[in-house]
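What follows is a single structure, written as structure tokens, with notes after it.
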Amino acid sequence: MTTWSVEYRPCRGRARSFSMTDPLPSADATPYGEGLHKLEAQRRSNRDTVRALGLEPYGVRVDGIASCAAARSLFDDAANTEFNARGKEPGFADRRPVVTVAGRVMLLRDNGKLIWMTIRDETGDIQIAASQRDCDATSFALAKATDLSDITIASGRVMKTKTGEITVWANSLRPGGKALSPPPEKHAGLQDVETRYRQRYVDLWANPETLAVFRLRSGIVSRVRRFMESRAYLEVETPMLQTLAGGAAARPFVTHMNALDIKLFLRIAPELYLKRLLVGGLPKVFEINRNFRNEGLDKQHNPEFTMLEAYHAFGNVETVMELTESLIRDAAEFVLGAAGGAGEIVLPFGDLSINYSRPFARATFASLFERAWGFPMTDAPRARESLKRVHPKLAPQVDAMDPWLVVNELFEQKGESLVDPATPTFITDYPAAVSPLTRAKPDNPALADRADLFIAGMEIAPHYTELNDPEVQETRFREQLKGLDAEKHAEEQTYRTMDHDFVRALKVGMPPAGGMGLGIDRLVMLLTNQRTIRDVVLFPLMRPEE
RNA sequence: GAGGGCGUAGCUCAGCCUGGUAGAGCAGCGGCCUUUUAAGCCGUAGGUCCAGGGUUCGAAUCCCUGCGCCCUCACCA
């Protein structure tokens, strides 16, 4: 006789094996064996009780369900008063509204012949009463077999208890979905940060603040889209799988396509495709979608993140600065409106109160540099000396560095921090040497026509007057490639490649343009007062559990 | 990458400093209860103290290593 050894893993506890010669686990004994947690076993048994009542514990289609909020608003004080006064008179016509609600059982109080539940849906909570007198027998038995965190459906009259709680006084209950997992603690909720991210499906219903943040996120993104449309930008979708990963300086994720046997990259930016569309004659385009960068994780970086990029033909950096400022103010106004506020658009972010209503501040790179370091950025010797002092690790290389790179290092050390975090601020006029893909300022070729928006110390959105001279572009690409130290950047060379097609596109002729990129996750962090990007991404990347 | 913190029942947390048989609340189970709402009362059960190693007569506790998460800094851009 052949003996198969089958490994199988109960949801908890050790894996064990059994062979075909062993008796099969019986179906009505717990099919997951002794590894099954008692709490789950108990819930399975309650589920079987529901089946024995002739009901489907996982629910069936139900039409005409009212939200908890809608059911509450149906409450009719006059009808309720009338019922309380005359409900026992023969022939009395009950005018209290009838409703069906569905939700997850958050609280359960079994008084014997009267069972109270508080259920929750995305609109809020409502209390349900299931009394032995007023429910049909099956429904009452179902109520008895209901566990915390089950999904239940109740139909009945909307009334108010003598303690003033709006309640659906049920005459019928139906199962809406069995929960075999026990719920988090009912007062403290789900606290563990890791579990909240890994099991967002629990976090979302157990912690209403979580749901509120993601509803706001959805509203913000929708509002941003409508704003762009109102400005006559066309929404487009460009490749996320690219044969070259261009448009930004970041390490891409690499994958392989079997059918063509080629290497593919997840995009690090949509930029080069959106510009091709300008060449194609689309004057104003935008895309809101995911970019992927194969770099570290921290409070402001998730490997996949959502960016808005927009390009405006015949515009320049000022065009898109105005766009961003109006767009952010509009989104902030939306959030404030959702919070019931009015007047000046001020939203909290941690300890800061960020004012979005005034014109955003501006500061030039050069002025911040000088304020930070006490000498002008054109003073290369002093810059080198300062960098050696503050960054001893870099000291040996400093003399060989491009003077503008030295300036840039110093600026990032101290310059950015001079910007008031509570005032949205554009830093303008970056050195051209540190902005290779940007056009130079018409009146000063040493400076780039670029502005970066900073809010709360975070870089939110860069703005550029785009490069559209194919020869300049090609030279810049070549310089970028040449700059790679072959040994140190061996890996980088596998994905940094000249984008010949993009140069070819520019040769067809691209109108002058302003372009911007706005980090949507960071914007949502600001507007919803969340300190980490993981609290505004539904399913942030986590290391696998096993 | 460096430093710090955390990991104990399904959940929320004590206990660790100062080593001596594992604790509470909620949830669960049995019982009572038809206006409760963190329901209440009586009873009861529940543990790989993240994993591995070490010290010790004895380790949740002290030491080392590893894993996971969080924080700060650095790197990257």
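Quantities reported herein were computed from a predicted structural model and do not represent experimental measurements. In what follows, chains are A, B, ... by sequence order, proteins preceding strands, each numbered from 1.
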Counting side-chain heavy atoms from CB outward, which of [options] is closest to [X]?
| X | options | value |
| --- | --- | --- |
| Glu185(A) | G25(B), U34(B), U36(B) | G25(B) |
| Leu39(A) | C11(B), C69(B), G28(B) | G28(B) |
| Lys38(A) | A45(B), C26(B), U36(B) | A45(B) |
| Asp192(A) | U12(B), G28(B), C11(B) | U12(B) |
| Gln42(A) | G28(B), C69(B), A77(B) | G28(B) |
| Pro184(A) | C70(B), C71(B), C11(B) | C11(B) |

Under-4.0 Å side-chain N/O to phosphate OP1/OP2 contact, [X] with [N]:
| X | N | value |
| --- | --- | --- |
| Arg133(A) | U34(B) | no |
| Lys160(A) | U36(B) | no |
| Lys299(A) | U72(B) | yes |
| Arg543(A) | C67(B) | no |

Revision key, fill the gap. Only one of Asp147(A), Asp48(A), Thr152(A) passes side chain to side chain donor-acceptor pair (under 3.5 Å) with Lys178(A), and that residue is Asp147(A)

Exercise for review: State whether Phe265(A) and Arg251(A) meet the cation-pi test: NZ (Lys) or CZ (Arg) under 6.0 Å from the six-membered ring centroid, and within 45° of the perpendicular axis.
Suggested key: no

Rounded to whole angstrom units, what separation is found between the [atom1] atom of [X] and the [atom2] atom of [N]?
| X | N | atom1 | atom2 | value |
| --- | --- | --- | --- | --- |
| Phe140(A) | C33(B) | CZ | C1' | 11 Å |
| Gln300(A) | C70(B) | CD | P | 15 Å |
| Asn80(A) | U35(B) | CG | C1' | 12 Å |
| Trp169(A) | U35(B) | CH2 | C1' | 6 Å |
| Asp298(A) | C71(B) | CG | P | 9 Å |
| Leu297(A) | C75(B) | CG | P | 18 Å |
| Gln191(A) | C11(B) | CD | P | 13 Å |
| Asp203(A) | C11(B) | CG | P | 15 Å |

Practice item. Using a strict 4.0 Å threshold on nitrogen-to-oxygen distance, state whether Asp521(A) and Arg217(A) make a salt bridge. Key: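 Salt bridge between Asp521(A) and Arg217(A), a charged N being under 4.0 Å from a carboxylate O: yes.
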
Point to revise | Carboxylate-amine/guanidinium contact Arg47(A) Asp150(A), below 4.0 Å | key: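 Answer for the salt bridge query: no.
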
Practice item. Please list, by residue number, the residues of residues 104-115 of chain A whose heavy atoms come closer than 4.0 Å to an atom of RNA chain B; answer none if no residue qualifies. Key: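 Per residue number, the list reads Leu107(A), Arg109(A), Asp110(A), Asn111(A), Gly112(A), Lys113(A), Leu114(A).
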
Exercise for review: Taking all heavy atoms of Val50(A) and all of Pro175(A), pick out the closest pair and write down the distance.
Suggested key: CG1-CG, 4.0 Å

Point to revise | Check: Gln127(A) side chain, U36(B) base, donor-acceptor under 3.5 Å | key: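 Yes, a donor-acceptor pair under 3.5 Å.
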
Exercise for review: Mark yes or no for a side-chain to base donor-acceptor pair under 3.5 Å between Glu459(A) and A77(B), with no hydrogen or angle criteria applied.
Suggested key: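 There is none.
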
Practice item. Take Arg534(A) and Asp134(A), find for each the nucleotide of RNA chain B with the closest heavy atom, and name the residue whose nucleotide sits nearer the 5' end. Key: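 Checking each residue's closest nucleotide, the 5'-ward one belongs to Asp134(A).
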
Point to revise | For A27(B), the Watson-Crick or wobble counterpart (both distances under 3.5 Å) | key: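 Its partner: none found.
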
**Study point:** Base-pairing assignment for C17(B) (Watson-Crick or G-U wobble, both under 3.5 Å)
**Key:**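 C17(B) is unpaired by these criteria.
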
Review point. Say you pick atom C1' in C42(B) and the same atom in G66(B); how far apart are they, in whole Å?
Key: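 The same atom, C1', in both gives a distance of 48 Å.
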
**Study point:** Within-4.5 Å side-chain heavy-atom neighbours: Arg267(A) and Asn289(A)
**Key:**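 Yes, their side chains come closer than 4.5 Å.
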
Point to revise | Student check: side-chain heavy atoms of Met240(A) and Phe292(A) closer than 4.5 Å | key: yes

Please classify the nucleic acid contact of [X] as base, sugar-phosphate, or nothing, using heavy-atom distances under 4.0 Å.
| X | result |
| --- | --- |
| Arg531(A) | nothing |
| Lys186(A) | sugar-phosphate |
| Thr532(A) | sugar-phosphate |
| Thr118(A) | nothing |

Point to revise | Phe369(A) ring center near Phe411(A) ring center (under 6.0 Å) | key: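 No.
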
Revision key, fill the gap. Residue set satisfying salt bridge (Lys or Arg N to Asp or Glu O under 4.0 Å) with Arg157(A), at least two apart, ordered chain then number -> Asp94(A)

